[in-house]
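For reference, the structure discussed in these notes is given below.
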2 protein chains.
Amino acid sequence: MAGTRWLDDGEARMWRAFYEMRRHLDKAIERQLADAGLSTADYDLLVPLSEAPGDGLRARDLANHVGWDRSRLSHQLRRMEQRGLLTRRECPSDARGTLITLTPAGRRAVETAAPGHVETVRRHFVDLLSPEEIDTLTAISTRIRDNATDT
Amino acid sequence: MAGTRWLDDGEARMWRAFYEMRRHLDKAIERQLADAGLSTADYDLLVPLSEAPGDGLRARDLANHVGWDRSRLSHQLRRMEQRGLLTRRECPSDARGTLITLTPAGRRAVETAAPGHVETVRRHFVDLLSPEEIDTLTAISTRIRDNATDT
DNA sequence: GCTAGTTTGTTGATACGTCAGCAACACGTC
DNA sequence: GACGTGTTGCTGACGTATCAACAAACTAGC
């Protein structure tokens, strides 16, 4: 406890800017998706479902894909099912499983929201970066993400 | 709508890695603070309050500092007051205002949590970056954050 | 085929964030 | 000093996230 290595000025400035940047970016994306009648949680689920082949995805696989726990996913799926965006039915190969499939309305919702979403990501993020910065940020992000396996 | 500029492979890889990185980083920080009995929302408020001189801060200034709206702040303050981390009293200079002050327990809570928090930020983020990367990330973050003034 | 342990998905309780609306106050103008 | 306008903070309602507990179905080992 005695020897805490506090952040120096440059590190602290970076951490603070990074923290605030995330907040602004989230806000911008949430606002845009809200205009399309979706939350980020909705969109996070709709995208992998829209890209899945044929029968949709098992809840388990969807959970792994977006990194949620089963409980959160279950609640969110129930609400989205009630809104008519997707359907749940029994999984034929494993009776414990649930197969999630987009309804036509669900597919329409993603496809309607997607262009505006990409545009927002561009205007508030990607288009503000040089090619070198994109490379650096890819390297940084994957390194930090993959580091989380320990502790 | 017809001419949506979708993300190319490199951009998409970066955006996805960045998105996932944030989730992992948040988890790590939340877990550590939870061990100290605090949420990130608690900590976000406790830090500026602990650095404020004398009488504490007005709710308005605290809201500006962390970038929250008044409602969220009010709810959070009520909960933290009930837990004995801070007190609210009338602002002498402006009868509309509320003055927020840390209790000794509140101050103890930050000071206990801070070393572990910094250590977590280091292990999962700062210490994984080279000096050049820190500079790049500072530049990127401030640029993106300040861009949010429009739209 | 039986048992023990694991995986999968659901539920209810609780805490949190957001929104719309409200009441009290400040401050300028007339 | 009354009026209009903007500010400040609080509240109730609603949607969402997290946690613990549960039931059903699978799997491995015997």
Side-chain angles (χ1 to χ4, degrees), chain A residues 22-24 26-46 49 56-101, chain B residues 22-24 26-35 37-46 49 56-83 85-101:
Chain A
R22 289 179 16 168
R23 206 177 58 227
H24 289 293
D26 284 348
K27 281 282 179 219
I29 290 175
E30 277 168 25
R31 242 195 313 268
Q32 186 275 322
L33 283 176
D35 289 345
L38 297 174
S39 66
T40 41
D42 294 333
Y43 195 79
D44 284 349
L45 296 190
L46 288 176
L49 283 172
L57 288 175
R58 278 193 63 171
R60 175 192 57 176
D61 300 326
L62 189 53
N64 288 335
H65 204 287
V66 295
W68 292 6
D69 61 14
R70 282 171 272 131
S71 174
R72 180 181 175 188
L73 182 62
S74 179
H75 284 300
Q76 180 72 24
L77 288 176
R78 177 176 42 75
R79 292 186 295 254
M80 292 175 73
E81 186 178 27
Q82 282 169 357
R83 289 195 284 151
L85 296 173
L86 48 82
T87 58
R88 295 195 270 192
R89 63 197 158 88
E90 295 174 1
C91 175
S93 61
D94 184 340
R96 293 169 302 180
T98 304
L99 217 67
I100 319 295
T101 317
Chain B
R22 291 177 15 168
R23 207 176 57 227
H24 288 294
D26 284 348
K27 280 281 178 220
I29 290 175
E30 276 167 27
R31 243 196 310 268
Q32 187 275 322
L33 283 176
D35 290 344
L38 296 174
S39 66
T40 39
D42 295 333
Y43 195 79
D44 284 348
L45 295 190
L46 289 175
L49 284 171
L57 289 174
R58 277 192 63 171
R60 175 193 55 175
D61 300 327
L62 189 53
N64 287 336
H65 204 288
V66 295
W68 295 3
D69 61 16
R70 284 169 270 132
S71 173
R72 179 181 176 187
L73 182 61
S74 179
H75 284 299
Q76 181 73 24
L77 289 175
R78 175 176 44 75
R79 291 186 293 255
M80 291 175 73
E81 186 178 28
Q82 282 170 355
R83 287 193 285 151
L85 295 174
L86 48 83
T87 59
R88 295 194 271 192
R89 63 196 159 89
E90 294 173 3
C91 174
S93 61
D94 186 338
R96 292 169 301 180
T98 304
L99 217 66
I100 318 294
T101 318

**Report entry** Under 3.5 Å donor-acceptor pair, A:Arg96 side-chain atoms to C:dT7 base atoms
**Finding:**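 Per atom types, the contact qualifies.
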
Please state whether the phosphate of [N], meaning OP1 or OP2, lies under 4.0 angstrom from any side-chain nitrogen or oxygen of [X].
X	N	result
B:Gln76	C:dG17	yes
A:Arg79	D:dA17	yes
A:Lys27	C:dT18	yes

How far does [atom1] of [X] sit from [atom2] of [Y], to the nearest 0.5 angstrom?
X	Y	atom1	atom2	answer
B:Leu99	B:Ser93	CG	OG	8.0 Å
B:Arg79	B:Ser74	CZ	OG	9.5 Å
B:Ile100	B:Arg88	CD1	CZ	6.5 Å

Would you mind reading off the distance between [X] atom [atom1] and [N] atom [atom2], rounded to a whole angstrom?
X	N	atom1	atom2	result
A:Asp26	D:dA17	CG	C1'	15 Å
A:Leu57	C:dT8	CG	P	14 Å
B:Arg88	D:dG9	CZ	P	11 Å
A:Met80	D:dA17	CE	P	11 Å
A:Leu86	C:dG9	CG	P	14 Å
A:Asp94	C:dT7	CG	P	13 Å
A:Leu45	C:dG9	CG	P	13 Å
A:Arg60	D:dA25	CZ	P	17 Å

**Report entry** Sugar-phosphate, base or nothing in reach of A:Arg83, heavy atoms under 4.0 Å
**Finding:** nothing

Query raised in the report: Starting at the 5' end of DNA chain C, which residue's closest nucleotide do you reach first, A:Gly97 or A:Glu30?
Result: A:Gly97

Query raised in the report: For B:Glu90, does the CD atom have more than 12 heavy-atom neighbours from other residues, nucleotides or ligands under 6.0 Å away?
Result: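 Counting other residues, nucleotides and ligands, CD of B:Glu90 stays at 12 neighbours or fewer.
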
Query raised in the report: Is the shortest distance from a Lys or Arg side-chain nitrogen in B:Arg83 or B:Asp42 to a carboxylate oxygen in the other one below 4.0 Å?
Result: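 The answer is yes: the pair qualifies as a salt bridge.
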
**Report entry** Presence of salt bridge, B:Arg22 and A:Asp26, under 4.0 angstrom
**Finding:** yes

Query raised in the report: What nucleotide among D:dC10, C:dG17, C:dT8 has an atom nearest to a side-chain atom of B:Ala41?
Result: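 Minimum distance to the B:Ala41 side chain belongs to C:dG17.
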
**Report entry** Contact list for DNA chain D against residues 65-75 of chain B - heavy-atom distance below 4.0 Å
**Finding:** B:Arg70, B:Ser71, B:Ser74, B:His75

Scan the side chains in residues 59-69 of chain A for donor-acceptor partners under 3.5 Å anywhere in the protein, sequence neighbours excluded, and list what turns up.
unit_1  : atom_1 : unit_2  : atom_2 : d
A:Asp69 : OD1    : A:Arg72 : N      : 2.9

